[in-house]
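Along the sequence shown, residues carry numbers from 1. Hydrogens, waters and symmetry mates are skipped; everything else that's a heavy atom, side chains included, is used.
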Amino acid sequence: WLQTIHPDYLPMVRAGIEKALELDEWDETFPMRGKDGEYRYFLSTGHTIRDDEGNVIRRLGTNTDVTRQLELTDQIRLREEHLRIATEAAALGTWTLDVTTQQGTWSKRTAEIQGLPDQTHFTVPELIQLIHPDDRSRIVSTIREVVASPTPFFCEKEIRIVRPDGNIRWIAVAAKKLEDLDPRHGQRVYVVGTLLDLTDRILAQTELQKAKDAAEGANAAKSAFLANMSHEIRTPLGAILGFTNLLKDERYSQSERVGFIETIAR
């Protein structure tokens with residue numbers, strides 16, 4: 001049996017067996033070689049059996065092939081790491097609400113967005129209290145709609161929250177219902193989702209709109225000014241052009257022409 005164990009793991013297995021003689025129980029996971037020469041991971045357990053006087057009379061052990069389970073665990077771990085990197089890059093917060101217990105947990109980023117960096121768990125009343133009073137009824141009805149839906153669906157809302165320091169933030173909330181059969185607690189209903197702080201973007205959009213409105217207002221004022229100036233200038237220009245034409249008329253005397261010139265100058 002020891003010859004089938006991968007050489008790199010053999011010292012650990014020998015040490016575990018010696019320790020098992022003291023504790024009567026032992027389990028380790030390590031690779032073992034099969035008939036085809038390939039190594040696969042096994043969960044090996046050992047149980048020491050003693051007689052009435054405490055003497056060891058035999059050992060009972062099992063070897064269970066867990067290669068596939070470990071591969072799936074590695075895949076899950078890798079996907080979780082990819083998800084973590086993606087959410088951090090997107091500045092996304094995540095959260096989970098157990099509808100049955102009305103208890104929830106949220107990620108570090110979600111806690112920071114809520115203005116509660118040291119809090120990892122929340123209750124439904126605490127969550128509702130964070131929502132801006134003008135948005136509470138809307139988000140509560142949305143949560144009820146998500147939970148009551150016979151088929152899970154994805155929803156997204158933009159709402160305001162009020163941090164404990166009074167600071168108001170705009171956030172995008174995404175949510176979806178999940179159902180799970182817990183062997184210890186029975187059927188469980190969860191709502192999971194993400195949180196994204198939109199405040200900086202919305203403030204930038206607001207400032208941009210203000211600048212656009214100001215530019216349009218300035219353009220309108222300029223157009224009005226030019227239209228008014230055009231009207232104001234047209235009237236004296238008409239008089240100037242008229243008296244200029246009179247100056248060309250030789251029927252008028254010198255003194256009359258001087259009067260025309262004085263009118264033009266005026």
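Taking the side chain as every heavy atom from C-beta outward, Leu226 and Lys222 approach each other to under 4.5 Å. Taking the side chain as every heavy atom from C-beta outward, His132 and Ile168 approach each other to under 4.5 Å. Between Arg160 and Asp134 there is a side-chain heavy-atom pair separated by less than 4.5 Å. Between Phe30 and His6, every side-chain heavy-atom pair lies at or beyond the 4.5 Å cut-off.
Hydrophobic cluster membership is shared by Trp1 and Tyr41, with clusters built from Ile, Leu, Val, Met, Phe, Trp and Tyr side chains linked at under 4.5 angstrom. Taking hydrophobic clusters as Ile, Leu, Val, Met, Phe, Trp and Tyr residues chained together by side-chain heavy-atom distances below 4.5 Å, Leu70 does not share a cluster with Ile76. Criterion: ILVMFWY side-chain heavy atoms under 4.5 Å apart, direct or through other members. Under it, Leu72 and Val66 are not part of a common hydrophobic cluster. Hydrophobic clustering places Leu195 together with Val140 (ILVMFWY residues linked when any side-chain heavy atoms are closer than 4.5 Å, directly or through intermediates). Cluster annotation: Val147 is connected to Leu97 through the hydrophobic network of ILVMFWY side chains, with a link wherever side-chain heavy atoms come within less than 4.5 Å.
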Task: Chi angles and distances behind the side chain to side chain contact (heavy atoms under 4.5 Å, CB included) call for Thr142, Cys155 - done: CA-CA 8 Å; Thr142 299; Cys155 73; 3.8 Å; yes

Open item on the list: Does Tyr9 form a side chain to side chain contact (heavy atoms under 4.5 Å, CB included) with Met32? I'd like the steps, not just the answer.
Closed with: CA-CA 9 Å; Tyr9 289 80; Met32 297 173 61; over 6 Å; no

TODO: Any chance you could lay out the side-chain hydrogen bond (donor to acceptor under 3.5 Å, both in side chains) test for Arg257 and Ser253, step after step, and finish with the verdict?
DONE: CA-CA 6 Å; Arg257 292 181 180 182; Ser253 64; over 6 Å; no

Task: Trace of the side chain to side chain contact (heavy atoms under 4.5 Å, CB included) decision for Tyr190 with Lys177 - done: CA-CA 6 Å; Tyr190 299 92; Lys177 183 179 75 170; over 6 Å; no

TODO: Would you sort out whether Arg136 and Ile128 count as a side chain to side chain contact (heavy atoms under 4.5 Å, CB included), showing the intermediate values?
DONE: CA-CA 7 Å; Arg136 282 178 190 167; Ile128 294 176; 4.2 Å; yes

- [ ] Could you please spell out the steps behind the side-chain hydrogen bond (donor to acceptor under 3.5 Å, both in side chains) verdict for Thr45 and Thr62?
- [x] CA-CA 5 Å; Thr45 65; Thr62 62; 2.5 Å; yes

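Nearest approach of Thr67 to Asp65, heavy atoms of both residues: OG1-OD1, 2.8 Å. The two residues Pro11 and Asp8 come nearest to each other via the heavy atoms CD-O, 4.0 Å. Shown here for Glu28 and Trp26, the closest heavy-atom pair between the two residues is CG-NE1, 3.2 Å. Nearest approach of Pro7 to Tyr39, heavy atoms of both residues: CD-OH, 3.7 Å. When all heavy atoms of Asp197 and Ile171 are compared, the pair lying nearest together is CA-CG2, 4.2 Å. Pairing each heavy atom of Val173 with each of Trp95, the nearest pair is CG1-CZ2, 4.1 Å.
A donor-acceptor pair under 3.5 Å links the side-chain atoms of Glu126 to the main chain of Thr123, judged by distance alone.
By the side chain to side chain contact (heavy atoms under 4.5 Å, CB included) test, Gln102 is found to be paired with Val99, Val124, residues two or more places apart in sequence or in another chain being considered.
For CZ of Arg138, the number of neighbouring non-hydrogen atoms (other residues, nucleotides, ligands) closer than 6.0 Å is greater than 12. Heavy atoms of other residues, nucleotides or ligands lying less than 6.0 angstrom from CD of Gln209 number more than 12. Heavy atoms of other residues, nucleotides or ligands lying less than 6.0 angstrom from CG of Asp52 number 12 at most. Crowding of Gln75 atom CD: a count of heavy atoms from other residues, nucleotides or ligands under 6.0 Å exceeding 12. Residue Glu158 qualifies as enclosed at atom CD: its count of foreign heavy atoms under 6.0 Å is above 12.
Counting Ile, Leu, Val, Met, Phe, Trp and Tyr side chains that sit under 4.5 Å apart, directly or through other members, Ile202 shares a hydrophobic cluster with Leu92, Trp170, Leu196, Leu198.
In summary, Lys210 and Asp213 do not engage in a salt bridge, as defined by a charged side-chain N under 4.0 Å from a carboxylate O. A salt bridge does not link Arg59 with Glu25: none of the charged nitrogens is closer than 4.0 Å to a carboxylate oxygen. Between Arg251 and Asp249, at least one side-chain nitrogen of the basic residue sits less than 4.0 Å from a carboxylate oxygen of the acidic one, meeting the salt-bridge criterion.
The line from CG of Leu10 to OG1 of Thr4 is 9.5 Å long, rounded to the nearest 0.5 Å. Remark: Gln103 CD to Thr96 OG1 distance equals 13.0 Å, nearest 0.5 Å. To the nearest 0.5 angstrom, Leu208 atom CG is 13.0 Å from Arg201 atom CZ. Interatomic distance, Leu130 CG to Ile139 CD1, rounded to the nearest 0.5 Å: 12.5 Å. Between the OG1 atom of Thr235 and the NE2 atom of His231 there is a distance of 5.0 Å, given to the nearest 0.5 Å. Atom CZ of residue Arg33 and atom CZ of residue Arg40 lie 15.0 Å apart, to the nearest 0.5 angstrom.
Taking the six-membered ring for Trp, Phe260 and Tyr252 have ring centres closer than 6.0 Å.
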Exercise answer: donor-acceptor pairs, residues 106-122 side-chain atoms, under 3.5 Å, sequence neighbours excluded:
| from | atom 1 | to | atom 2 | distance (Å) |
| --- | --- | --- | --- | --- |
| Trp106 | NE1 | Gln119 | O | 2.6 |
| Ser107 | OG | Thr94 | N | 3.0 |
| Ser107 | OG | Thr94 | O | 3.4 |
| Ser107 | OG | Thr110 | N | 3.4 |
| Ser107 | OG | Thr110 | OG1 | 3.2 |
| Arg109 | NE | Ala91 | O | 3.3 |
| Thr110 | OG1 | Thr94 | N | 2.9 |
| Thr110 | OG1 | Thr94 | O | 2.9 |
| Gln119 | NE2 | His121 | O | 2.8 |

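If you check the side chains of Arg169 and Thr199, you find a donor sitting under 3.5 Å from an acceptor.
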